[in-house]
There are 2 protein chains.
Amino acid sequence: MNAMKWSPAVTAATSTRELAHPSCAEIRLEGVLHALSDPLRLRIVRELAVVDDELSCSHFELPVSKSTTTHHFRVLRESGVIEQNYRGTAKMSGLRREDLDRLFPGLLDSVLGAATAQAARLGDN
Amino acid sequence: MNAMKWSPAVTAATSTRELAHPSCAEIRLEGVLHALSDPLRLRIVRELAVVDDELSCSHFELPVSKSTTTHHFRVLRESGVIEQNYRGTAKMSGLRREDLDRLFPGLLDSVLGAATAQAARLGDN
DNA sequence: ACCTTACTACGATGGGTATCGTACGAAGCG
DNA sequence: CGCTTCGTACGATACCCATCGTAGTAAGGT
C-alpha cells in the first residue's frame, strides 16, 4: 500500500507527510490483538492510555533501536490502534479510543486492565 | 523422550497420554493475545464459548490439515486459553474460563463480544 | 547557511510459525 | 486379532516479523 516509489519531481512537501490510517471499517480484531500481543507495543499502548493524550515517539525510552521503534509504531497505526500525525519534527501518537470503543466495546479497557493486573502480579518490572 | 525406534516392551500406556498445561502463574497476557490473534484459533475459541462445554478436536471443521489443527490446539493450550484431556480416542478441549477470568477480568468476554460484533459487521462468514 | 533533532526507508538477518504430507501410536469395535 | 478412528511426531517449506545498521529527509533553531 505504500510501496510507491514517489516521483522525485515537485513533491508538494506537505502532502508527503501524510500518514495512512485504516478506516474504522478496515480495522480487524485479529490485527488489533496481534498488535497488542507484542510486549513493546503493549507497553506503548499502556503509556498512551495513562497520559490520555498524544505523545511523541521519542518520549518513549524503549530498549530497541530507533528503526525498530518506528516499526512498532507503524504496526500499531496500521492495525488501527493508534493515530499518528506530524507536528513539526515530532510525530505524535495517540490511542484511537473512540473508534476502538465503538468497534469493540470494552476490549481496550479490559486489555489495559489485564496488563496492569499482570504487571502487579509480576512485580511491575 | 520417545525418539527411540520404539521398543516393543512395557510402555506404561496411561502415563504417555498426559498433556502439559501452564499453571495460572505462568499464563502471560501477551501469549493469550497472540493465541487469539489467529483467525482459526479465534474461531475455535468462539465455538468453545458458545457450547460452554468440552468439544473433541474432530468436531471442528477447519479448512486446514489435521496436523495444522493439532498445532493450533497446542498453541491455545500452551498459552493457557484452553484445557485438553484425552477421553478414549478423542481429545477434548474446553475453555479455561475461570482461570482467565480470575487473571484477566473481562478480557475473554470482551474479545468474544468483539469477535461477534465483527462477524456481524462483516456479514458473519 | 548550518547543525541538531526526529523520524523514515531500505536491505539484511535470524527466529518464529502456519502449513503440509507421511508415518506412526493409542483406544475402541468388530 | 485386524480394522477404523482420532490424534501425534517429524521433517520440510515458505512466509512473517522483530531486529539492526546505514543512509537519508524534513522541520526548526541559532
Side-chain angles (χ1 to χ4, degrees), chain A residues 1-8 10-20 30-31 33-44 54-79 82 84-93, chain B residues 1-20 30-31 34-44 54-79 82 84-93:
Chain A
M1 65 187 80
N2 45 13
M4 319 187 68
K5 208 51 204 291
W6 110 18
S7 46
V10 223
T11 313
T14 49
S15 71
T16 313
R17 289 171 77 75
E18 292 301 313
L19 290 163
E30 296 89 335
L33 293 177
H34 173 250
L36 297 176
S37 72
D38 182 275
L40 242 47
R41 292 196 290 260
L42 186 55
R43 178 167 148 183
I44 291 171
E54 294 188 328
L55 288 176
S56 72
C57 291
S58 60
H59 167 271
F60 298 86
E61 296 190 1
L62 302 175
V64 292
S65 72
K66 278 202 299 178
S67 32
T68 301
T69 300
T70 298
H71 161 72
H72 284 305
F73 274 98
R74 182 169 47 219
V75 172
L76 286 171
R77 171 168 47 84
E78 292 182 346
S79 68
I82 67 171
Q84 293 189 294
N85 56 75
Y86 288 100
R87 193 172 308 168
T89 69
K91 187 189 202 175
M92 308 301 288
S93 300
Chain B
M1 71 169 89
N2 43 15
M4 319 184 72
K5 204 54 211 290
W6 151 254
S7 46
V10 227
T11 314
T14 49
S15 69
T16 313
R17 289 172 79 76
E18 292 300 313
L19 289 163
E30 297 88 336
H34 174 249
L36 297 176
S37 72
D38 181 276
L40 241 47
R41 292 194 292 258
L42 185 55
R43 178 167 148 184
I44 292 170
E54 295 189 327
L55 288 176
S56 71
C57 292
S58 61
H59 167 270
F60 298 86
E61 295 192 1
L62 302 175
V64 291
S65 72
K66 278 199 302 177
S67 31
T68 302
T69 300
T70 298
H71 161 72
H72 284 304
F73 274 98
R74 182 169 49 220
V75 171
L76 286 171
R77 170 168 46 85
E78 292 182 346
S79 67
I82 67 171
Q84 295 188 294
N85 56 75
Y86 288 100
R87 192 172 310 169
T89 71
K91 188 188 201 176
M92 308 302 288
S93 298

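Letters A, B, ... are given to chains in the order of the sequence lines, protein chains preceding strands, and every chain is numbered from 1. The basis for the numbers below is simple: all heavy atoms, side chains too, and nothing from hydrogens, waters or symmetry mates.
Rounded to an integer number of Å, the gap from NZ of A:Lys66 to P of D:dG21 is 12 Å. One can place CG of A:Leu76 at 14 Å from C1' of D:dC17, the figure rounded to the nearest angstrom. For the pair A:Asn85 CG and C:dC7 P, the computed distance is 12 Å after rounding to whole Å. A straight line from CG of A:Asp38 to P of C:dT17 spans 12 Å, rounded to a whole angstrom. Straight-line distance from the NE2 atom of A:His59 to the P atom of C:dC7: 12 Å, rounded to whole Å. Summarising the geometry, the separation between CZ on A:Arg43 and P on D:dA18 is reported as 16 Å, rounded to the nearest angstrom. Rounded to an integer number of Å, the gap from CZ of A:Arg74 to P of D:dA18 is 11 Å. Rounded to whole Å, the distance from CG on A:Leu62 to C1' on D:dT19 is 13 Å.
If you find the closest nucleotide of DNA chain D to A:Val75 and to B:Gln84, the one lying nearer the 5' end belongs to B:Gln84. Each of A:Val64 and A:Gly88 has a nearest nucleotide on DNA chain D; the 5'-most of these lies closest to A:Val64.
When the nucleotides C:dA18, D:dC20, C:dA9 are ranked by their closest atom to the side chain of A:Ser65, D:dC20 comes out on top. Distance from the side chain of A:His71 is smallest for D:dC17 among the nucleotides D:dG7, C:dC7, D:dC17. Considering only side-chain atoms of A:Thr89, the nucleotide from D:dA26, D:dG7, D:dC20 that sits closest is D:dA26. Here the nucleotide nearest the side chain of A:Ala90, chosen from D:dA18, C:dC7, D:dA9, is C:dC7. Picking from C:dT17, C:dC7, D:dG7 the nucleotide with the shortest atom distance to the side chain of A:Tyr86 gives C:dC7. Closest to the side chain of A:His34, from the set C:dT5, D:dC17, D:dT22, is D:dC17. Candidate nucleotides D:dT19, C:dA18, C:dC20 were compared by shortest atom distance to the side chain of B:His72, and C:dA18 ranks first.
Judged by distance alone, the side chains of A:Ser37 and B:Glu30 never bring a donor and an acceptor atom under 3.5 Å apart. B:Asn85 and B:Glu54 share a side-chain donor-acceptor pair at under 3.5 Å.
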If you look only at distance, which donor and acceptor atoms sit under 3.5 Å apart when one is on a side chain in residues 59-66 of chain A and the other is two or more places apart or in another chain?
unit_1: A:Ser65; atom_1: OG; unit_2: A:Ser67; atom_2: OG; d: 3.3
unit_1: A:Ser65; atom_1: OG; unit_2: A:Thr68; atom_2: N; d: 3.3
unit_1: A:Ser65; atom_1: OG; unit_2: A:Thr68; atom_2: OG1; d: 3.1

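Not a single donor-acceptor pair under 3.5 Å links the side chain of B:Arg41 to the backbone N or O of B:Leu36.
The shortest distance between the side-chain N/O atoms of B:Thr69 and the OP1/OP2 oxygens of D:dG7 is not below 4.0 Å. Contact check, B:Ser56 against D:dC6: no side-chain N or O comes under 4.0 Å of OP1 or OP2.
No hydrogens or angles were tested; on distance alone, a donor-acceptor pair under 3.5 Å links the side chain of B:Ser67 to the base of C:dG21.
Residue-level contact check: B:Thr68 touches the bases, meaning some heavy atom is under 4.0 Å from a base atom. Among the heavy atoms of the strands lying under 4.0 Å from A:Arg41 are primed sugar atoms or P, OP1, OP2 only; no base atom is included.
Summarising the geometry of B:Ala20 relative to B:Arg77, their closest heavy-atom pair is O-NH1, 2.9 Å, with the distance given to 0.1 Å.
For the atom pair A:Ile44 CD1 and A:Thr69 OG1, the distance stands at 7.0 Å (nearest 0.5 Å).
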